[in-house]
**Student:** 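Quick one: the structure is below, and I'll ask about it shortly.
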Amino acid sequence: MNESESDNQHNQIISMLLFFIKYRDRKRSRYSKMNQEEYIRSLFAQPDEILADVIKSIERQGMPSISVSPEGGIFLTMLVRTANAKQILEIGALGGYSGICLLRGLRGEGHLTSLELKQEYADLAHANLKKAGVGEQVTYRIGEALDSLGQLEREGKTFDFFFIDADKPNYSNYLEHCIRLANPGAIIVADNVLWHGRVYDETAQEDSTRALRAFNEKIAGDSRLESLLIPLGDGMAMARVKEK
Ligand SMILES: C[S@@+](CC[C@H](N)C(=O)[O-])C[C@H]1O[C@@H](n2cnc3c(N)ncnc32)[C@H](O)[C@@H]1O
């Protein structure tokens with residue numbers, strides 16, 4: 001072996017060793033820099049083209065990026081399916097992300113009534129639900145959700161599943177309406193109830209924080225409900241309306 005061949009062989013061995021060390025370290029550090037949310041998401045939230053397009057459409061329209069988290073969306077689908085819900089009420093549509101997740105949980109027949117303040121948001125949500133193949137199973141009611149809820153009560157409508165995800169100061173009012181509109185055994189879910197940890201930071205006293213604290217106390221203590229707060233995403237409160 002001449003000098004240049006020996007150098008070549010030496011370089012090849014070094015490259016193989018470096019490759020081995022890099023591969024070993026990558027395997028070791030797969031999870032090391034993840035937080036709890038990223039860990040859960042990496043395992044359970046599979047790439048989803050339909051939902052990714054919803055997020056892109058929201059950004060394109062300059063709307064706020066405040067859809068439910070991917071794992072929260074999966075949870076909604078599973079809950080609707082497990083509850084065997086047929087009639088669903090959503091408060092806060094935005095671009096339709098949660099609407100798609102809720103409708104995915106239906107076993108065929110069923111309907112989503114979605115309350116949204118802004119016509120242009122409901123229009124985008126409806127377009128996205130149509131693209132997802134569930135556009136026929138939704139009705140949007142535009143305006144203040146409290147007005148729409150009163151209207152639904154006057155019409156004698158009832159629901160099996162509720163998702164509260166709109167203005168935080170009204171969460172307790174929304175809960176009261178949902179209980180009145182609930183079929184026995186109905187499920188009520190509300191998003192963002194940990195409010196990035198502010199609800200248990202007693203120095204945090206903004207209106208939304210105080211309202212969410214009051215909501216958590218109400219849903220935890222209401223004798224008409226069985227309830228729990230699940231630390232998923234930004235916190236999801238969940239309750240089952242007891243049979244009377
Ligand atoms: C957090 S976003 C909803 C996100 C949506 N649930 C999702 O995950 O795809 C809140 C939505 O509630 C709507 N909203 C806010 N205040 C409202 C009100 N008083 N009545 C009805 N909708 C309201 C907003 O316009 C916004 O679209």
Side-chain angles (χ1 to χ4, degrees), residues 37 41 45 48 50-80 85 88-105 112-132 134-135 137-153 159 161-178 181 187-196 198 206-209 211-212 215 230 232-238:
E37 187 177 73
R41 197 168 290 174
D48 188 316
I50 290 172
L51 294 177
D53 283 348
V54 172
I55 297 295
K56 279 186 216 147
S57 74
I58 289 171
E59 286 166 3
R60 263 199 312 275
Q61 302 265 350
M63 288 159 57
S65 293
I66 48 174
S67 306
V68 71
S69 66
E71 53 279 11
I74 293 168
F75 188 52
L76 290 176
T77 304
M78 286 178 70
L79 284 178
V80 169
I88 306 172
L89 180 70
E90 168 186 69
I91 308 177
L94 193 70
Y97 191 108
S98 57
I100 292 170
C101 297
L102 290 163
L103 282 171
R104 279 178 176 172
L112 170 67
T113 301
S114 182
L115 313 184
E116 173 53 55
L117 188 61
K118 298 188 179 184
Q119 181 71 58
E120 66 269 29
Y121 288 12
D123 290 345
L124 180 68
H126 202 180
N128 283 329
L129 264 66
K130 280 184 195 158
K131 278 190 211 152
V134 288
Q137 287 177 280
V138 64
T139 306
Y140 290 95
R141 293 194 180 214
I142 312 303
E144 284 291 342
L146 282 179
D147 295 339
S148 302
L149 288 162
Q151 186 62 36
L152 288 166
E153 274 178 50
F159 298 87
F161 196 100
F162 300 84
F163 181 46
I164 303 174
D165 191 20
D167 49 322
K168 310 310 168 197
N170 269 318
Y171 262 38
S172 291
N173 296 327
Y174 294 151
L175 179 61
E176 197 51 49
H177 278 283
C178 290
L181 287 162
I187 301 292
I188 302 173
V189 178
D191 197 18
N192 306 113
V193 297
L194 288 177
W195 210 225
H196 306 288
R198 297 187 77 69
E206 317 79 25
D207 285 354
S208 293
T209 305
L212 285 169
F215 170 83
I230 293 142
L232 187 65
D234 191 21
M236 281 185 143
M238 179 183 159

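Whatever order the structure lists them in is the order used to number ligands and atoms, beginning at 1. Worth saying up front: this structure is predicted, and the values here are computed from it rather than measured.
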**Student:** Under a 4.0 Å heavy-atom cut-off, what residues line ligand 1?
**Tutor:** I66, S67, V68, G92, A93, L94, Y97, S98, E116, L117, Y121, G143, E144, A145, F163, D165, A166, D167, Y174
**Student:** When you compare the side chain of E90 with that of L112, does any pair of heavy atoms fall below 4.5 Å?
**Tutor:** yes
**Student:** For Q151, give me all partners under side chain to side chain donor-acceptor pair (under 3.5 Å), at least two apart in sequence or on another chain.
**Tutor:** R154, E155
**Student:** Does E176 have any side chain to side chain donor-acceptor pair (under 3.5 Å) partners at least two apart in sequence or in another chain, and if so, which?
**Tutor:** K218, R224
**Student:** Does D53 pair with R60 as a salt bridge, N-O distance under 4.0 Å?
**Tutor:** no
**Student:** Taking ring pair (Phe, Tyr, Trp, His ring centres under 6.0 Å) as the definition, give me every residue that meets it alongside Y121, ordered by chain and number, with sequence neighbours left out.
**Tutor:** none
**Student:** Any chance the side chains of N128 and S57 put a donor and an acceptor closer than 3.5 Å?
**Tutor:** yes
